[in-house]
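First comes the structure, then the notes that go with it.
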Amino acid sequence: MAQTTHIGKLTHSGARSFNPVSKAFHWLMAVIILVAWGIGYYGGGMLHYGVSDAETAQKIWAINLHKSIATTTLFLIVARIIWRAYHRPPELTDMPAIMKLATHLGHWSLYLLMIAVPLSGWANSSSAGYKIPVLGLFTIPQLGPKNPALTPYLVEAHFYLSWALLLVVVGHAVFALKHHFIDKDETLTSMLPKQD
Ligand code: HEM
């Protein structure tokens, strides 16, 4: 078991307080995931290979951009999990046990999907034998040998997992907004840059 060196605290007003590094991971990954999702949807879902040379070229460009941005989440999620193992977030504020359970389940689903979505993308690209670019700077090795027979299944897995991730992210944001505008507590602001 990892030794926890820091546990997030409550401020004197009773709000939860997150470490600045935890906040940076949270917002950086949120932005990258949403941008990668949009470009993946545009390239994967709206454009088709072989319809015209222009559409094929546009699709290749979009998918390469998608991979180049989204692969960064593979590095970030590893760093984030290591960071979190040593810096536990503050306890949840007072709420019914069922809400606590739902909150924990939501957060666990987010972590699992933040691993499964880029891994399934990496696997589908690897099975098709494509290069996996990271920010246009370098490439990472393929996950396994080229096996085009597997590609359609892995593309489908990536498709469903990426929709599941979007749903959980949207649900997470809706609950944060509910805390802010309806419950009028400091759940949302505790994750914003200024609050420490
Ligand atoms: C957080 C990370 C990621 C998110 C949110 C994400 C999301 C998406 C979405 C929404 C699509 C469109 C699915 C469709 O409509 O068919 C897509 C397609 C695709 N993604 Fe990702 N993805 C991520 C990571 C990756 C990674 C790391 C790779 C590869 C290294 C990758 C490779 C692909 C490929 C090749 C397609 C196109 C599949 C096709 O041929 O239609 N993705 N992604």
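All figures in this text were calculated on a predicted structure; none of them were measured in a lab. We count ligands from 1, going down the list as the structure has it; atoms in each ligand are counted the same way.
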Q: Check Ile63 against ligand 1 and report side chain, backbone, both or neither, counting heavy atoms closer than 4.0 Å.
A: side chain

Q. Who's the nearest protein heavy-atom neighbour of atom 9 (C) of ligand 1, and how far?
A. Ser162 OG, 3.6 Å

Q. Nearest protein heavy-atom contact for atom 31 (C) of ligand 1: which residue, which atom, what distance?
A. Gly121 CA, 3.4 Å

Q) To which protein heavy atom is atom 4 (C) of ligand 1 closest, and what is the distance rounded to 0.1 Å? A) Val117 CG1, 3.4 Å

Q | Under 3.5 Å side-chain donor-acceptor pair for Ser125 and Lys67 | A | yes

Q: Examine the side chains of Thr71 and Trp122 and answer whether a donor and an acceptor come within less than 3.5 Å of each other.
A: no

Q. Nearest protein heavy-atom contact for atom 24 (C) of ligand 1: which residue, which atom, what distance?
A. Ala70 CB, 3.2 Å

Q.
Starting from atom 12 (C) of ligand 1, what is the nearest protein heavy atom, named by residue and atom, and what distance separates them?
A. Gly40 O, 3.1 Å

Q. Which is it for Glu55 and Leu47 under the side chain to side chain contact (heavy atoms under 4.5 Å, CB included) test, yes or no, and what are the steps along the way?
A. CA-CA 6 Å; Glu55 186 148 334; Leu47 296 169; 3.8 Å; yes

Q. At what distance is the nearest protein heavy atom to atom 35 (C) of ligand 1, and which residue and atom is it?
A. Asn124 OD1, 3.3 Å

Q: Could you pull out the closest heavy-atom pair between Leu65 and Ile39, with the gap in Å?
A: CD2-CD1, 3.8 Å

Q) Are Val21 and His87 close enough that some pair of their side-chain heavy atoms sits under 4.5 Å apart? A) no

Q: Do me a favour and list the nearest non-hydrogen protein atom to atom 27 (C) of ligand 1 with residue, atom name and distance?
A: Pro118 O, 3.6 Å

(Q) Among Tyr41, Phe159, Trp37, Trp163, which one puts a heavy atom closest to atom 16 (O) of ligand 1? (A) Phe159

Q: Could you tell me which atoms of ligand 1, counted from 1 in the order shown, lie closer than 4.0 angstrom to a heavy atom of Ile132?
A: 30 (C)

Q. So which protein heavy atom does atom 39 (C) of ligand 1 come closest to, and at what separation?
A. Val155 CG1, 3.8 Å

Q.
For His104 and His107, take the angle between the two ring planes, folded into 0 to 90°, and tell me which bin it lands in: parallel under 30, tilted 30 to 60, perpendicular over 60.
A. perpendicular

**Q.** Angle, NE2 of His66 through atom 21 (Fe) of ligand 1 to NE2 of His158 - 10° precision
**A.** 180°

Q: Heavy atoms only: give me the nearest Lys100-Met95 pair and the separation to one decimal.
A: CG-CG, 3.5 Å

Q. In the single-linkage hydrophobic clustering (I, L, V, M, F, W, Y; side-chain heavy atoms under 4.5 Å), do Leu34 and Phe75 co-cluster?
A. yes

**Q.** Atom indices of ligand 1 within 4.0 angstrom of Trp122 heavy atoms, with elements
**A.** 28 (C), 29 (C), 30 (C)

Q: Give the C-alpha distance, both sets of side-chain angles, the deciding distance and a yes or no for side chain to side chain contact (heavy atoms under 4.5 Å, CB included) between Thr103 and Leu92.
A: CA-CA 9 Å; Thr103 305; Leu92 294 176; 4.0 Å; yes

